[in-house]
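To start, the structure under review is shown below, and the notes come after it.
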Amino acid sequence: MHTPEESCPVTQIDPSDIRCRVLPFAILAPSPHNTQPWNVSFLGKERIVLSIDRERCIPGCDPLGRQAFISLGAFLENLDLAAKSFGFHADIDLFPGGWPDGKIVPDTPVAHVDMVEDQRVEYDPLFRQIPLRHTNRRTFRRDKVPLSLAGEITAAYDYSLVPLGFSHDAGLMGAVADLASTAMKIELADRERWRETVHYFRFTDAEARQSPDGFGLAQAGYGKVARFFIGKFFLSRKKAASSPSSFSRLVEKNTRAQAVSAGGMGWLSTKGDFRTDQVRAGRAFQRVHLKATELGLALHPFTQFLADYPEMATLRSSLYEYLGIPDTHTVQMLFRMGYASPVPAAPRRDIHEFLLP
Ligand SMILES: Cc1cc2nc3c(=O)[nH]c(=O)nc-3n(C[C@H](O)[C@H](O)[C@H](O)COP(=O)(O)O)c2cc1C
């Protein structure tokens with residue numbers, strides 16, 4: 001498992017190489033189910049080539065790979081912040097081989113990033129939040145998030161192309177809570193989507209130690225002892241396999257409890273839904289989450305009802321109606337915000353596992 005403080009473990013690369021110094025921060029980006037779908041290679045002395053690791057896509061839950069592209073956007077935002085903090089400009093060229101089709105996940109690079117030393121770049125204080133930002137799945141304290149904080153979050157990024165919607169209206173949040181648990185029910189009703197979800201869920205601490213991806217009860221705020229008893233008596237991989245519907249019911253119930261405890265709901269939308277929109281939304285989302293962290297707010301994405309498979313279409317339309325989003329636009333991320341104690345970090349794979357030869 002990797003922490004940003006460690007030096008780059010790739011022996012064939014000079015650890016003083018700036019690319020080695022920024023990558024440990026880039027890989028702290030969020031990704032659906034913590035799949036970490038990023039492939040990286042180094043070209044020449046200054047270029048990072050970023051592409052999607054298709055082996056780590058989840059075609060059941062994310063059939064168009066939209067969420068994977070959002071995750072790459074978040075990765076690029078972290079990389080950019082880290083570059084600035086080291087006095088470098090990350091010159092990001094998106095889709096250098098031409099714009100890809102919106103329905104397939106390409107093997108071709110998503111970005112070429114040239115690291116150019118430039119002492120004039122301005123340090124961005126959001127960089128400090130990168131290791132502190134974690135998806136928080138606890139039940140929140142129910143205190144409302146003031147509108148002024150939503151305003152501060154909006155000011156933290158270029159919102160013209162990815163506007164932030166926010167509400168702490170009890171009626172809207174109640175409606176979203178209902179939809180969220182129904183969305184979870186629909187998500188887990190399909191065998192493949194259920195399998196992907198369970199594959200990345202860590203039922204025990206031992207599983208979490210063995211697989212530096214996915215997430216488990218620790219990221220929902222359960223302590224060591226609670227995790228031990230839940231794993232032993234209520235929730236195990238074996239029990240979930242022998243009774244898939246009882247696992248699904250538990251998750252639905254939990255989703256509802258999480259949703260009703262929100263202090264506010266936020267969403268990011270784009271006018272188009274091209275790959276560039278998705279990457280841009282990922283960069284915006286990362287800045288939103290980093291700013292929320294700086295402001296002491298917990299944040300937790302709820303994205304099942306944004307999924308692109310046909311069974312979710314009706315529920316997605318209802319959500320758009322509640323949020324006042326025209327169906328010509330795309331809600332890229334929806335998340336609850338509120339107040340809660342922090343949770344431990346979800347694991348990351350070692351840097352060398354992302355690096356292609
Ligand atoms: C596009 C996208 C969608 C996500 N959707 C959900 C979600 O519906 N529910 C959830 O609990 N977490 C969701 N997450 C959060 C990831 O599970 C989380 O980023 C990952 O486990 C890594 O943990 P971290 O964010 O604490 O680093 C999503 C993240 C991304 C980038």
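Start at 1 and go down the list; that is how both ligands and their atoms are numbered. Counting begins at 1 with the first residue of the sequence.
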Per side-chain contact (heavy atoms from CB on, under 4.5 Å), R193 is matched among D62, L188, I58, I186 by I186
Within the 4.0 Å heavy-atom cut-off, what A345 brings close to ligand 1 is neither
### Query
Any side-chain donor paired with an acceptor under 3.5 Å for S261 and R336?
yes
Min heavy-atom dist R348 to ligand 1 below 4.0 Å:
yes
H33 heavy atoms within 4.0 Å reach ligand 1 at atoms 17 (O)
Go through it in stages, so that I can follow the logic: the residues are T204 and R237, the test is side chain to side chain donor-acceptor pair (under 3.5 Å), and I'd like the CA-CA distance, side-chain angles, deciding distance and then a yes or no.
CA-CA 9 Å; T204 60; R237 192 168 292 280; over 6 Å; no
With heavy atoms and a 4.0 Å threshold, my read on which part of Q219 contacts ligand 1 is neither
Strictly under 4.0 Å, does any heavy atom of A74 approach an atom of ligand 1?
-> no
Checklist entry - Under the side chain to side chain donor-acceptor pair (under 3.5 Å) criterion, do Q332 and T270 qualify, and how do the steps go? => result CA-CA 7 Å; Q332 300 286 358; T270 53; 2.9 Å; yes
**Prompt:** Cut-off 3.5 Å, side chains only: do Q36 and S31 have a donor facing an acceptor?
**Reply:** no
Strictly under 4.0 Å, does any heavy atom of R133 approach an atom of ligand 1? yes
Answer yes or no: does an N/O atom from R137 fall short of 3.5 Å to an N/O atom of ligand 1? yes
query = Going through the checks in order, is the salt bridge (Lys or Arg N to Asp or Glu O under 4.0 Å) test met by R21 and D17?
reply = CA-CA 7 Å; R21 295 171 72 195; D17 186 327; over 6 Å; no
